[in-house]
Student: 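Following this message is one structure expressed as C-alpha cells.
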Amino acid sequence: MLDIELIRKNPEKVKNALSRRDPSLVDTIDEVLDLDKHRRELIAKVENLRALRNKKSKEIGHLRREGKDTKASEEEVRKLKEDIENLEEELSQVKESLHNLLLRIPNLPHPSVPDGEDEEDNVEVRRWGQIKEFGFEPKPHWEIGEKLGILDFKAGATLAGSRFTVVKGLGARLERALINFMLDLHTSKGYQEVIPPHLVRPEILIGTGQLPKFQEDLYLCERDDLYLIPTAEVPLTNLFRDTILSEEDLPLYFTAYTPCYRREAGSHGKDVRGIIRQHQFNKVELVKIVHPDTSYEELEKLTTDAEEVLKLLGLPYRVVELCTGDLGFSASKTYDIEVWFPSQGRFREVSSCSNCEDFQARRMNTRFKDASGKKRFVHTLNGSGLAVGRVLAAILENYQREDGRVEIPEALRDYVKADIIG
RNA sequence: GGAGAGGUGGCCGAGUGGCCGAAGGCGGCCGCUUGCUAAGCGGCAGAGGGUUAACAGCCCUCCGAGGGUUCGAAUCCCUCCCUCUCCGCCA
C-alpha cells in the first residue's frame, strides 16, 4: 500500500511513477485525492460534534451530582447524537472506498527499473555457465521423465486433473534432495529455516498483496475462510505483522520449503506439457525483513544467494531485470533468474527476487524503532531459492544423455545416493 | 466437538456506569546521591488520527474485534475471534 501522505503531498511524483506501469493509474490517484479530501472534511465535522457531545455529557454528570434537572441537556445531546451518527455513516463509507482503492494500487517502481511493456523488454544483467552442446537432439523433460518412469502425468490427471503430476521413484528422491540441498545451503548463509502454515487467513494475503486484487489466482477453503498459500513468501513475510521490532533485530533472514498452490487462472494454453506450470509445486523461499537504508544491497545479496544454487548444480542461467510492465504488484524492483532449457532453446524463470520496500510493511503494519526512537516501516524482500520443480525439469534436460538416462549433478549425489537415473 | 476460565499500556496487574487513557509494580529514559557497580531519592514516558510550519497547542479515537443499551461504556447486553484448563477424538 502506498502512503496516503505521500500521495497527498507529492501527487505528481506518484502519478509519474505509476504511469510507468500503467497510465490509467493516474485517474485512480485523482480519485484517491478526492476521497481523501472528502474524508478529512468529514473527520473535522464529526470530531467537532463529538467534542461538543463529550462536553455536554460531562456537564450532565456534574449537574446530577448537584441535584439539578438535566432533561433539557439530555434532549440536546440526543439530537447531537443523531447528527453524529449520520456523519459517521458517511465517513465510514468514504474511508472504506478509499482503503479499497489504495489496496488495489501497485507499488511504485524504483527509478532504476527499465521502462517496458512485457517480458520482452526485460534487461539481461548477467549470464553464468556454459550452454552444453548435445551430440543429439535434446528431449523435453516430460519425455525424459515419462520414459524413466519418474514423472506420471496420467496419474496426476486422474487424481486431480490437468497441471497435477505424480513424481515417483528416483524422481521423487531427486526432488527431496533438491529441497534439502537448497535449505542446507541457505541456512549455512544465515537464513533461519521455518515451517509455516500452508493455509492462511485472508488478511495475511492482503498483507503481502495477493488480496484483494488477485483472488481468482488462489485456492480457498471456504468452510474455514482459509487460503492455500501460493508461495511461502506469504506466511514468512507476515511473521512480524502488527509488531514493532527494535533496530538491532534487523536484518531478519528466513528460508522455508513449502508446496505452493496456484489456480493459474488465465494461463490456459501456456506450458501445458511438462511440470513447468503446475497447480501445486514445491519451492524453497527466501525472505528478508530489513532496515530501509540497506534494502537494495540486501536485494543484490538475496539474488546472488539464489544464483548460488544454480552454480553449484552446474546449470547455465541468466539474470534479468524486470521492466515496469512485467513488475509484480508489490515489488519496487525485481530480478528474475532464468535457467537454460535445452529442449526449448531458451531460459525459463526459476526465481524472482524482489524488493517491496515498505509496500507490504505498511499493509502488515511491521515497523521498527530507530536509534532516535522513531517508528518506521521495515522493508521486505523475497525471492525463490529456488522453484524446485522447475529446477528438477532443468536437471532432466541439461543432464540427459543420448541413451535416455540422466546424470545426477555432483552436488546432489550425497543427497540422492545415486549418480544416475535409469 | 463438549464444559469452564480469561483477553486492559513493553510486561505483570487493579479497575462493575461519569472525577479513567486508565492505580500499583517491573522494565525504560533523564537527573541527584555515590571510589565503580548496586541500592536509594526526584522527575519523564502509551498508540493512531485531524488541525498545523511544527515531534508546540487544541481536538477525536483506542482497554481482543464488531454491533447494541445509555445524555455518558474498559465497566451492562449480543455476536465473533484468540489464549488457557479439563474431557472426547486423533497424525
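Residue numbering restarts at 1 for every chain, and letters A, B, ... go by the order of the sequence lines. Worth saying up front: this structure is predicted, and the values here are computed from it rather than measured.
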Student: Nearest whole angstrom, please: distance from the C1' of rC62(B) to the CG of Asp242(A).
Tutor: 14 Å
Student: Would you please say whether a donor-acceptor pair under 3.5 Å links the side chains of Tyr335(A) and Glu300(A)?
Tutor: yes
Student: Take Glu76(A) and Lys56(A) through the test salt bridge (Lys or Arg N to Asp or Glu O under 4.0 Å) and record every step on the way to the result.
Tutor: CA-CA 9 Å; Glu76(A) 199 180 336; Lys56(A) 294 275 176 192; 3.2 Å; yes
Student: For RNA chain B, which ranges pair as stems of 3 or more consecutive Watson-Crick or G-U pairs, with both donor-acceptor distances under 3.5 Å?
Tutor: B:1-7 with B:81-87, B:10-12 with B:24-26, B:28-32 with B:40-44, B:46-51 with B:57-62, B:64-68 with B:76-80
Student: Between rC63(B) and rU75(B), how far apart are the two P atoms, rounded to whole Å?
Tutor: 8 Å
Student: Please determine, by modelled atom types, if Ser295(A) and His379(A) share a side-chain donor-acceptor pair under 3.5 angstrom.
Tutor: yes
Student: Do the side-chain N and O atoms of Tyr257(A) and Asn180(A) include a donor-acceptor pair separated by under 3.5 angstrom?
Tutor: no
Student: Does Arg40(A) make a side-chain N or O approach to OP1 or OP2 of rC60(B) shorter than 4.0 Å?
Tutor: no
Student: Return yes if a side-chain donor-acceptor contact under 3.5 Å exists between Thr187(A) and Glu193(A), otherwise no.
Tutor: no
Student: Between atom CG in Leu42(A) and atom C1' in rU51(B), what is the gap in whole Å?
Tutor: 15 Å
Student: For atom P, what is the distance between rG1(B) and rC80(B), given to the nearest Å?
Tutor: 13 Å
Student: Picking from rA47(B), rU61(B), rC82(B), which would you name as closest to the side chain of Arg50(A)?
Tutor: rU61(B)
Student: Give me the distance, rounded to whole Å, that separates rG4(B) from rG13(B) when you measure between the C1' atoms they each carry.
Tutor: 23 Å
Student: Walk me through it: do Arg50(A) and Glu88(A) pass the test salt bridge (Lys or Arg N to Asp or Glu O under 4.0 Å)?
Tutor: CA-CA 10 Å; Arg50(A) 284 207 280 238; Glu88(A) 276 175 343; 2.6 Å; yes
Student: Write down the distance between NE2 (His99(A)) and C1' (rG49(B)), rounded to a whole number of angstrom.
Tutor: 15 Å
Student: According to the interplanar angle, ranging from 0 to 90°, do the rings of His291(A) and Phe368(A) count as parallel (below 30°), tilted (30 to 60°) or perpendicular (above 60°)?
Tutor: tilted
Student: If I pick the C1' atom on rG28(B) and the same atom on rU79(B), what distance separates them, to the nearest angstrom?
Tutor: 39 Å
Student: Say you pick atom P in rG66(B) and the same atom in rG9(B); how far apart are they, in whole Å?
Tutor: 15 Å
Student: Reckon Arg362(A) touches a base, only the sugar-phosphate, or nothing at all at heavy-atom distances under 4.0 Å?
Tutor: nothing
Student: What is the distance, to the nearest angstrom, from the CZ atom on Arg39(A) to the P atom on rG49(B)?
Tutor: 9 Å
Student: Expressed as a whole number of angstroms, how long is the span from Ile43(A):CD1 to rG48(B):P?
Tutor: 16 Å
Student: Taking the six-membered ring for Trp and the single ring otherwise, decide whether the centroids of Tyr296(A) and His110(A) are under 6.0 Å apart.
Tutor: yes
Student: Closest nucleotide of RNA chain B for Glu47(A) versus for Arg201(A): which of these residues is on the 5' side?
Tutor: Glu47(A)
Student: Take the protein atom CG of Leu52(A) and the nucleotide atom C1' of rC58(B), then report the distance between them rounded to whole Å.
Tutor: 15 Å
Student: How close or far is atom P of rG50(B) from atom CD of Glu88(A), stated in whole angstroms?
Tutor: 17 Å
Student: Give me the distance, rounded to whole Å, that separates rA23(B) from rA14(B) when you measure between the P atoms they each carry.
Tutor: 14 Å
Student: Does the gap between the ring centers of Phe347(A) and Tyr317(A) come in under 6.0 Å?
Tutor: no
Student: Verify the distance criterion only: is there a donor paired with an acceptor across the side chains of Thr380(A) and Gln360(A) at less than 3.5 Å?
Tutor: yes
Student: For Ala51(A) and Arg8(A), take the nucleotide of RNA chain B holding the closest heavy atom to each; which residue's nucleotide lies nearer the 5' end?
Tutor: Arg8(A)
Student: Return the orientation label for the Phe181(A) and Tyr415(A) ring planes: parallel under 30°, perpendicular over 60°, tilted otherwise.
Tutor: perpendicular
Student: Suppose you measure atom C1' in rA74(B) against the same atom in rA65(B); what distance do you get, rounded to whole Å?
Tutor: 15 Å
Student: What's the CG-P distance between Asn48(A) and rG49(B), to the nearest Å?
Tutor: 19 Å
Student: I want to check one thing: is the phosphate of rC59(B), taken as OP1 and OP2, less than 4.0 Å away from some side-chain N or O of Asn54(A)?
Tutor: no
Student: When you compare rC20(B) with rU61(B), how far apart are their C1' atoms, in angstrom units rounded to a whole number?
Tutor: 15 Å
Student: If the sugar-phosphate is the primed atoms plus P, OP1 and OP2 and the base is the rest, what is the B/S/- string for nucleotides 68-75 of chain B, using protein heavy atoms under 4.0 Å?
Tutor: --BBS---
